[in-house]
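Following: one structure in structure tokens, then a few remarks.
Chain naming here is simple, since letters A, B, ... match the order of the sequence lines and numbering starts at 1 in each. The figures that follow rest on heavy atoms only: side chains count, while hydrogens, waters and symmetry mates do not.
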Amino acid sequence: MVEGGDIRGGRPGALLGYCLIGLHRSFRMSSGAWRIELEPRKGRPDPVGKAARKALAQRGLSLTPELTSGRGFLLPSNLSAQQVEHLTQEVLADPVVEEARILAPGEIPELGAATLVVRRRAGVADPEGQTACRAFGILEIPVEQAESYRWFRVEGQVDPGAFLNAGGRALANPTIEEVCLGDRALALHPQPNPRPSPRREVPILEMDGAALVALSRSMALALSQEEMEAIQSHYRQEGREPTDVELETFAQTWSEHCKHKTLTGPVRLVVRDENGAELERREFQNLLKETVFEATRRLSPDWCWSVFEDNAGVVAFTDDIGIAVKVETHNHPSALEPYGGAGTGIGGVIRDILGTGLGARPFAATDVFCVGPEKLPFEQLPPGCLHPDRVLEGVIAGVRDYGNRMGIPTVSGTVLRHPGYTANPLVFAGCIGELPRDCVHKEVLPGDKIVAIGGRTGRDGIHGATFSSEALHEESESVDATAVQIGDPITEKKVLDLMMAARDRRLYRAVTDCGAGGFSSAIGEMGEGRADRGLAGGAVVELSAAPLKYAGLGYDEIWISEAQERMVLAVPPEHEAALLQLCESYEVEAVVLGEFTDSGRLQLLWHGEEVGDMAMDFLHGGVPQPQRSAEVIRPTWSATPWPKADEIRSREDLLAQVLAHPAVVSKEWVVRQYDHEVQGGTARKPYQGPAGRGPGDGTVLKPRLELPGGVAIGCGLAPRIALVDPYAGTACAIDEAIRNVVAAGGTPHQVAILDNFCWGDCRKADRLGSLVRAAEACRDAALAYGAPFISGKDSLNNEYRVGDQEVAIPPTLLCTAVAPVADVNRASSTFFKAPGNLLILVGETGPEGGGSALGDVLQWPDSPPPCPDFDQAPAVFDAVHRILDRGLAVSCHDLAEGGLAVAVSEMALGGGFGAILDLARVPVAAVSSLDRDQNAALRLFSETPTRFLLEVAEEWMESVAEELRTLRWASIGMVCENQEVEFLWQADSWLEMSLSNLAQANGMEDYPQRKQA
Amino acid sequence: MSSAKVLQLFAAGVNCDRELRFAWEQAGAEVEECHIRELMAKPAKVLECDLFSIPGGFTYGDDLGAGRVLGLEVAAFLGEQLRALHQAGGSLFGVCNGFQALVRTGLLPDLEGVSVSLAWNVHHRFECRWSRLRVEAGLAQVLPEGSLLPACTAHAEGQLVVASPEDLIRLEQNRRIAFRYADAAGEVSESYPDCPNGSAGGIAGLVSASGRILGLMPHPERNLGPFSLPDGGAGAWGTGEEGMAFFRALLAPYLGSVQV
């Protein structure tokens, strides 16, 4: 144990509010910086310190003494003591709750060796430091560089080595942060040195196949041998060697992430039986076009305004306002740095909406997380992986901090847990915006200026697109920090504000966001040209014009950097000055990078010298598409093993375990961290009812406060069912998303849906086989429901390699659905309204329990999966919608994970009323030879899709019955005043549970007891 | 009837501007929005309005503490004009981040020797949930004391902290408390979740001695009708009229013929 301060020459700084005793002594000045450390005032709580203590204990360092946490800032050593004191008082510290300690450059604090300092690595964005510089400017003390950090101090004995070791893992993320002990002088990160960036050719014309593959690997291009050979033969025709930046451009443009080679390529599917015998085969020239797009093409309703052609799909909301919807994944970055990965995921999808048409205004965000099991023992954690709980905590915080700062309500989503996601978590982020109809389309004309706006370019996220197209592996954790982006939501908010003002003045003709591939993708796509309109396309770009975060980036880095918060506009020359001026008034940095041409060439300049000159048609059309093989085994299952009387230890336990299942357990703690009400339009909330405790189905938002209408948003995914049968799982996911919007009051005649495929490595035939089956389910469901896909995205290669073992995630299709609601005041809600009302179950319950929550709890072997009945389902949606639209039902909840049991429980918890139901009345499909308990369990826990539970006042029953006359339905019980949910089998009580026990099982420990009147 | 003039501040990170503007307009105001850079160039513009409105958001990312940098800017560039507006009978209103900024500028609590801060919520999380605000003596000339205003809490740094327990008593005695959090029965609450952040005395909003500088954490501008409420207007959160009634009451002194 080394006591800090004494041995290194420094003396402890004062800890007396702002009294700077230390400053009146003289110091040996070193190269260090001023160090301002802020900590909670004595007696104030220190929740960060408390959480850190727990995290350290999990990593094997149990502390006896107290742990204090705080913030810190480094300021340049050339500031005077008086200046630093002034800045600390006026800008950095909050004197009511914090104490400040100012340490002169080189000075070491008391307990320095027991202090862990967590700093961002050089080059990683530090918004707090930047904002501090801005604030210092207000006080007229210009400061060029300030850096923020976090620190943790043990108030007593600790082994510094152990502290550094455990703290480095528990309190920091090594990908973006570095740790050191506080017993040394801290200096500001040096600015990187400029490196010369001369034009560099890469000789490939003479290479053989193996050499091309080796080059692709060494340059991290993620291009296959065929692709490298296509580029080689193209350059042979051009008669020259490519430059480095040209190869990088092909790598970005042709990446799986940008090009979706698998989904849009030719595929041969072979279906086999369990013995390997071929049953049938089907061929696709373009898998996506013949499944997902095909359904949309055949449906082509006139309310689809823009599908699969822009950054998001656009559908009608009113005659003159459209709704733009997009859902993205950000899986690999989130696996390495959950907070930054999820934050930039939401940031990226928001830019997709801003980059749709001439820009839509975002009014809602969605998020879905798939992570490994809760409290997974560390020894079961694959090497190099973050713990699932840490991943979840990080991604929630990332979405929260980005979405809340952007002022976009995060209103819909879920959290799924499955061991298959431990090494490969999934992060889906969606965004929905509104735009005037005359802003839906855009065009780029030759002569338009290429204007980059928003954030500066740094090394962030270089090779993100190619990186996300490869599998993760043990060493992924230690990849260069540059693969991970850190978000800066306020910069993006300024871009949003500016864009809406510039759009309404029509100062630009086209816009797109800088996502994967950065400028290379954005400018490459905008300059692609349009053969149908005789536009050859082309662009000239001067890369040295891009504003940089720090000096020293090469032209190739600038071109492919995935730095966040940047958009590219095509600005008619006559509006250039007005646009730049408007940017200045919104504090948005904007520069002209070049102009669009009609040369058919993408030309890149670096200080005037040409470093790239590519043919647009080869760049966009030259990627070879070899046929891929897909294979599925047609499975056979034995019947679902619904538990018999002697297999059920306790019925209450069974229900409690299902309510506690990760798919069912309350997610309120997540939802409450998101500002899901900002913009004032959230009409049906994620948690509803007098105490806000009942989970909703779809959420309903008003895109425009002045209009009565709303948009219902729902999502569905069923990876547990997809593991049993990808076709059924995908169809169930789509059914669930549509169920959610219908239950909330959305019209089933105008449902638009989105697909997000997350699969394993589809170069393997079995993975691709299940993907093909999922795509076929998408086609069939969309056609059956009359719900066109309007946008989508895939993320393949979600595999983890450790040693020679490769593990794929469960096949995961997320379906997102939106539908208009005519009047939000009449939107439906899910919580019980009044005792005495009848409970109407609509839809037939089937015996297939594969992939269900109960099956997971009881660890069933693979069982027959539920699958929607495409003939019946549309009629069910129609009838339920008419009932809700006519106001015949006062509440409505869909039956999803956990079946009827969970639906009733949630409606009861939301409303604060109990219910009594007779399971024998539930309409079921013909079932053979089950005993009474099996029958009861089936009715309670079956997850057959396309079912709803309605609460109907007796006086409306006749009208409801009339609407349902052609369907399977039954009146199965009623809402009760007492605080219990009771399930009967005919006259006998089969299971009862109090609301407080239901709440507790469902993870709502703080469920309020209703005061008895 | 003449309409009241509201000047609404805009800055990088403001994000509750649309609904607040909508609420003012519904309540009968003519609203002009102005970027802080524009106001810095023409600070006298402040004097042309009846009510200066600062919406919620995360100005400058709240990177140095909620409302800190906006508060510095407002104090440095508009402080003099805002004091003049107030002296001439105008009002200042801040919600959420706007309230935090008013506290940082020192315009609230407007009581010599009493300093307060809006610190991290006691459970150290951003919290979004509906709250009931009980009208306290400080605001009794605007709304009936004891009445409830349902509003939406959405903040991470809303815990009102006083430097000493005596300060709390002084705030009370000098009628600087505008709102406190209340439970379903209308009783003041200091416990979660009715009081979402652990504020001293359950304080949700502060008001100046004049009654014309008002700041509060939860968002009344999200209470725009029955559709806004968690139960859709079934009664647990009022009728959905309370939000607009609040904004009308704030504008009443400036709405010529309907003055009360």
Side-chain angles (χ1 to χ4, degrees), chain A residues 44-45 47-48 51 90-92 94-97 127-128 130-132 134-135 138-139 148 400-401 404-408 488-490 493-494 497 585-587 671-685 687-692 702 705-706 710 824-825 827 829 831 833 1006, chain B residues 10 12-16 18-20 22-23 35 37-38 56-65 68-69 72-73 76-77 115-117 119-120 122-130 152 154 156 161-163 184-185 192-193 219 221-222 224-228 230-237:
Chain A
R44 294 287 307 161
V48 178
E90 297 300 321
V91 179
L92 300 177
D94 182 341
V96 179
V97 293
E128 289 87 353
Q130 283 170 6
T131 302
R134 181 195 175 100
I138 300 169
L139 301 181
S148 73
R400 174 193 67 207
D401 288 356
N404 290 359
R405 276 172 174 71
M406 284 298 293
I408 300 170
D488 176 9
I490 297 308
K493 179 66 165 67
K494 289 191 285 191
D497 297 333
S585 68
Y586 277 87
E587 302 178 317
V671 170
R672 299 255 171 247
Q673 296 187 54
Y674 300 146
D675 190 348
H676 53 275
E677 306 248 14
V678 63
Q679 299 193 18
T682 308
R684 287 299 176 268
K685 305 174 197 304
Y687 279 84
Q688 313 174 346
K702 263 186 167 203
L705 294 174
E706 68 276 18
V824 297
N825 283 312
S829 53
F831 59 97
K833 304 294 186 301
D1006 55 344
Chain B
F10 192 79
V14 164
N15 66 25
C16 302
R18 289 171 66 88
E19 56 272 39
L20 185 55
F22 183 78
H35 199 285
R37 280 176 59 109
E38 200 181 326
F58 284 85
T59 44
Y60 309 109
D62 283 351
D63 288 333
L64 304 179
R68 188 76 191 246
V69 178
L72 279 173
E73 285 189 334
F77 304 115
S115 45
V116 305
S117 184
W120 270 87
V122 71
H123 55 42
H124 208 76
R125 266 202 321 269
F126 186 96
E127 182 84 14
C128 179
R129 65 167 59 248
W130 277 72
C152 181
V161 181
V162 287
Y192 184 85
H219 297 269
E221 78 278 17
R222 297 185 189 180
L224 296 169
F227 79 86
S228 297
D231 64 351
W237 297 92

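Within the 4.5 angstrom heavy-atom criterion, no atom of B/Ala234 approaches chain A. For A/Val678, the parts lying under 4.5 angstrom from a heavy atom of chain B are both the backbone and the side chain. Using a 4.5 Å cut-off between heavy atoms, A/Arg672 contacts chain B through both its backbone and its side chain. For a residue to count as touching a neighbouring chain, one of its non-hydrogen atoms must lie under 4.5 Å from one of that chain's; by this rule A/Pro47 touches chain B with the side chain only. With a threshold of 4.5 angstrom between heavy atoms, A/Asp497 approaches chain B through side-chain atoms but not through N, CA, C or O. Both the backbone and the side chain of B/Leu64 come within contact range of chain A, with heavy atoms under 4.5 Å apart. Of the two parts of B/Tyr60, the backbone and the side chain both hold a non-hydrogen atom closer than 4.5 Å to a non-hydrogen atom of chain A. Of the two parts of A/Lys702, only the side chain, counted from C-beta on, holds a non-hydrogen atom closer than 4.5 Å to a non-hydrogen atom of chain B. Proximity to chain B (any heavy atom under 4.5 Å) is shown, for A/Asn404, by both the backbone and the side chain. Interface residue A/Leu139: only side-chain heavy atoms are found under 4.5 Å from chain B. Contact annotation for A/Thr131: both backbone and side-chain heavy atoms come within less than 4.5 Å of a heavy atom of chain B.
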| task | Check step by step if side chain to side chain contact (heavy atoms under 4.5 Å, CB included) holds for B/Asp63 and B/Val69. | result | CA-CA 8 Å; B/Asp63 288 333; B/Val69 178; over 6 Å; no
| request: Begin with the C-alpha distance, continue with both residues' side-chain angles, and end with the deciding distance and a verdict on side chain to side chain contact (heavy atoms under 4.5 Å, CB included) for B/Val116 and A/Val96. | output: CA-CA 7 Å; B/Val116 305; A/Val96 179; 6.0 Å; no
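Options A/Lys494, A/Arg134, A/Glu90 differ in how many heavy-atom pairs under 4.5 Å they form with chain B, and the most are formed by A/Arg134. Note: A/Ser585 leads A/Pro45, A/Ser585, A/Gly692 in heavy-atom pairs under 4.5 Å with chain B. With respect to chain A, the highest number of heavy-atom pairs below 4.5 Å among B/Pro226, B/Gly233, B/Cys128, B/Ser115 belongs to B/Cys128. Taking chain A as the reference chain and counting heavy-atom pairs below 4.5 Å, the highest number among B/Ala236, B/Ala119, B/Ser117 is found for B/Ser117. Contacts with chain B were tallied for A/Leu705, A/Asn825, A/Thr682; A/Leu705 has the most, counting heavy-atom pairs under 4.5 Å. Between chain B and the options A/Arg684, A/Lys685, A/Gln130, the largest number of non-hydrogen pairs under 4.5 Å is found for A/Lys685. Of the listed residues (B/Phe77, B/Tyr192, B/Phe10), the greatest number of heavy-atom pairs within a distance under 4.5 Å of chain A belongs to B/Phe10. Taking A/Arg405, A/Gln688, A/Lys493 one by one and counting their heavy-atom pairs under 4.5 Å with chain B, the maximum is reached by A/Arg405. Ranked by heavy-atom pairs under 4.5 Å with chain A, the list B/Pro230, B/Gly57, B/Gly56 is led by B/Pro230. Highest contact tally toward chain A, considering only B/Gly235, B/Gly232, B/Gly225, B/Ser228, is held by B/Ser228 [criterion: heavy-atom pairs under 4.5 Å]. Of the listed residues (A/Glu128, A/Arg44, A/Glu677), the one with the most heavy-atom contacts under 4.5 Å to chain B is A/Glu677. Between chain A and the options B/Ala76, B/Ala163, B/Ala12, the largest number of non-hydrogen pairs under 4.5 Å is found for B/Ala12.
A donor-acceptor contact shorter than 3.5 Å is absent between the side chain of B/His124 and the backbone of B/Val122. Checking side-chain atoms of B/Glu19 against main-chain N and O of A/Gln679 turns up a donor-acceptor pair under 3.5 Å. With hydrogens and angles disregarded, a donor-acceptor distance shorter than 3.5 Å links the side chain of B/His123 to the backbone of B/Arg125.
A donor-acceptor contact closer than 3.5 angstrom links the side chains of A/Arg400 and A/Gln673.
Using a 4.0 Å cut-off between charged side-chain N and carboxylate O, B/Arg222 and A/Asp675 make a salt bridge. Ion pair B/Arg18/A/Glu706 not flagged as a salt bridge, since none of the NZ, NE, NH1 or NH2 atoms sits closer than 4.0 Å to an Asp/Glu carboxylate oxygen. Salt bridge status for B/Glu73 with B/Arg37: absent, with no side-chain N to carboxylate O gap under 4.0 Å.
Side-chain contact between A/Phe831 and A/Pro690 is present, with heavy atoms from C-beta onward closer than 4.5 Å.
With rounding to the nearest 0.5 angstrom, the OG1 atom of B/Thr59 is 8.0 Å from the CD1 atom of A/Ile490. With values rounded to the nearest 0.5 angstrom, A/Asp401 atom CG is found 9.5 Å from B/Phe126 atom CZ. In this structure, B/Cys16 SG and B/Phe22 CZ are separated by 15.0 Å, a value rounded to the nearest 0.5 Å.
The heavy-atom pair separating A/Leu92 from A/Ala132 by the smallest distance is CD2-CB, 4.3 Å.
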